[in-house]
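Here is the structure we will look at.
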There are 2 protein chains.
Amino acid sequence: MAVTIRDVAEASGVHVSTVSRAFSAPHLVNPATRTRVLAIAEDLGYRPNRAARALTTGRTHNIGLIVADIANPFFPPLIKAAQAQARLRDYHVFVADTDEDPQVEEELIQTLTKQVDGVLLCSPRLTNRTIERLREEVPFVVVNRRVKGMPTVLMDVGRGVRLAVEHLTGLGHRRLALVTGPSGSWTSKEMQSAAAAMSEADVTFLGPNPPTELGGLAAVTDVIASGATGVLAYNDLVAIGLMEGLAERGIAVPGDISVIGVDDIVPGRLSRPKLTTIAMPTAAAGRIAVDMLLQSVDSDSTGGVTVLETSLIVRESTGETHS
Amino acid sequence: MAVTIRDVAEASGVHVSTVSRAFSAPHLVNPATRTRVLAIAEDLGYRPNRAARALTTGRTHNIGLIVADIANPFFPPLIKAAQAQARLRDYHVFVADTDEDPQVEEELIQTLTKQVDGVLLCSPRLTNRTIERLREEVPFVVVNRRVKGMPTVLMDVGRGVRLAVEHLTGLGHRRLALVTGPSGSWTSKEMQSAAAAMSEADVTFLGPNPPTELGGLAAVTDVIASGATGVLAYNDLVAIGLMEGLAERGIAVPGDISVIGVDDIVPGRLSRPKLTTIAMPTAAAGRIAVDMLLQSVDSDSTGGVTVLETSLIVRESTGETHS
DNA sequence: ATACTTTTTGCAACCGGTTGCGGTATTCGA
DNA sequence: TCGAATACCGCAACCGGTTGCAAAAAGTAT
């Protein structure tokens, strides 16, 4: 059916090995025959079969990308960037969604290992132990979580949190609240420790909460009870839910309470009032994670930790306090 | 390095072919030896190499999923559903982003064909001719576009548009506007013809516009000039941009002008006012498209056309007109 | 016990490439 | 002019499975 390397060999009167080399080791074949072979291959519409190649070389030229929830607006820019970068390096990417289920996550990794040269694990829900065990079977790069001795891409939310707190205190806020995320979340822990280290303000921790709009909605009463005039939410969705809930009770944002989110996802940019937020460099993270992965694939390096800067984007949901 | 079928064969004292059959043709091997082999395989941590298997069977158990823009909120639910459905059928999915570039799209398909059993083309930008040519090389299912004689999943926006127009006319609107999308878009054409067929109202067509928030923003002056009190936008992003622009000019939604979007993406659910929209069954489309693809993969069927229903979700951006 | 099925297993070729090794042909140095 | 280095190419084994064919084993009928 499909045209193989043997067809090309036959058509050009050379051995298959010569055709093979014409593609993957050009310096080992006479320029003249090489161009001839290439022309004939082009003519016949020959495309090397990557699966067959993988069998001998041990390189599939595929990578796996595992995320908890594709539909979470935080991930698509990362996936997009990772995919584009992979393509640049002549790699294809399997994308898999675990539905936040560690079991599924592990299974996925297991079945994927033989088909990929490495996998990108984004905000994994697996235990460190499991990750370390799986690591024996395939190279990893972990995004958004710190795992001992493993190549990692981190986003420095701590800095974002500090900027956010400074922003709020600069506007006169003294009593702040932090709506935390899932208890297993590395980001959430980072946010807490960064906030706790700030002496300028008095911050109370609320949660844990699901990282969704509903989670924000659910946190409204606690926020009000805390007496805080400035709130930092685990992410933009939570922040939006929160603003939703505050609006329902007639509490003005930013008039009465200022709200800051995290991630800078599209919905936050479109909300009313527009959300002040800590921007996460997700696209850069995807790009860099791919490069780190490919590097660790063909150099067996131990792999370091890359920390990406975050920044505060001030929009309309924060303002001076009048209390 | 990795444990192969030969390791298992040796460890269990049988020939590799027996091991192979123990996995992929159970009825051809003695139940006793089968369980023994399976146990030993499990013990050794053996996982069949799908790439190797693909070489002989011609089935990679992978599918490709090509979209114009992963970051467009319309796609993630579709990708997620497709991926989940594929997993159910023991398939993995390559996701690729064409960045709206037909050239990239074609290249992607070319390099993917050898690695997949079929590909899902979502809102392709390629010409019909190209698609038909590519079809020779690999089975397709096309989503969101009609291509002659090819398995297709369509969402019936026409119905949604009719519901939307009825909704608006029911609220007293007589002058309507339709902000159209990219000129190549099948959906946009469908919307236009559906709207044109409605006799209850007088609808003017505006555009074409880019299918983004900016596109909506750009359409504001035209919308105002048209004198319409009810506007149907190409999609939710356009609708949001439109509302944004109207707000800037002090025009109330839905007080002065009612706005309806298409897609029911997350940002629309979170906008203020909440967007009335035509919901597209993207998840169902992803699921069904995968099933159709797998079916056409192993039955060589000609493949039909599946049309999915859309519905109108009334929220806060539409109301009675006072003009 | 014999002949005939049926079940279970082994053998070996094959899928589509890659690659170490060795053989020619050509070029280079002296 | 001749030996040696070099460039180019073919041979054949191999990657990790699958599968048609045939042999061996087990079961069945007579």
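The sequence lines fix the lettering, A, B, ..., with proteins before strands; numbering per chain opens at 1.
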Check whether any side-chain heavy atom of F23(A) lies under 4.5 Å from a side-chain heavy atom of I5(A), and answer yes or no. no
If we count only N and O atoms by modelled type, under 3.5 Å, do the side chains of N62(B) and Q115(A) hold a donor and an acceptor together? yes
Does a side-chain N or O from T33(A) land closer than 4.0 Å to OP1 or OP2 of dC9(D), or not? yes
Atom NE2 of H61(A) and atom P of dC15(D) are separated, to the nearest Å, by 20 Å
Could you measure the distance from the CD atom of Q83(A) to the OG1 atom of T98(B)? Nearest 0.5 Å is fine. 9.0 Å
Return the value, rounded to whole Å, for the distance between atom CZ of R34(B) and atom P of dT9(C). 12 Å
Do the rings of H92(A) and F94(B) sit parallel, tilted or perpendicular, given the 30° and 60° boundaries? perpendicular
Pairs where residues 44-65 of chain A contributes a residue and the test salt bridge (charged side-chain N to carboxylate O under 4.0 Å, His left out) is met, not counting sequence neighbours: R50(A)-D90(A)
List in numerical order all residues of residues 40-60 of chain B for which some heavy atom is under 4.0 Å away from an atom belonging to DNA chain C. L55(B), T56(B)
Can a side-chain donor-acceptor contact be found between T130(A) and T127(A) if the only test is distance below 3.5 angstrom? yes
Which of residues 2-30 of chain B have a heavy atom under 4.0 Å from DNA chain D? T4(B), I5(B), R6(B), S17(B), S20(B), R21(B), S24(B)
Validation row: L38(A), R34(A) side chains within 4.5 angstrom (heavy atoms): yes
Rounded distance (nearest 0.5 Å) linking atom OG1 of T111(A) with atom CD of E106(A): 11.0 Å
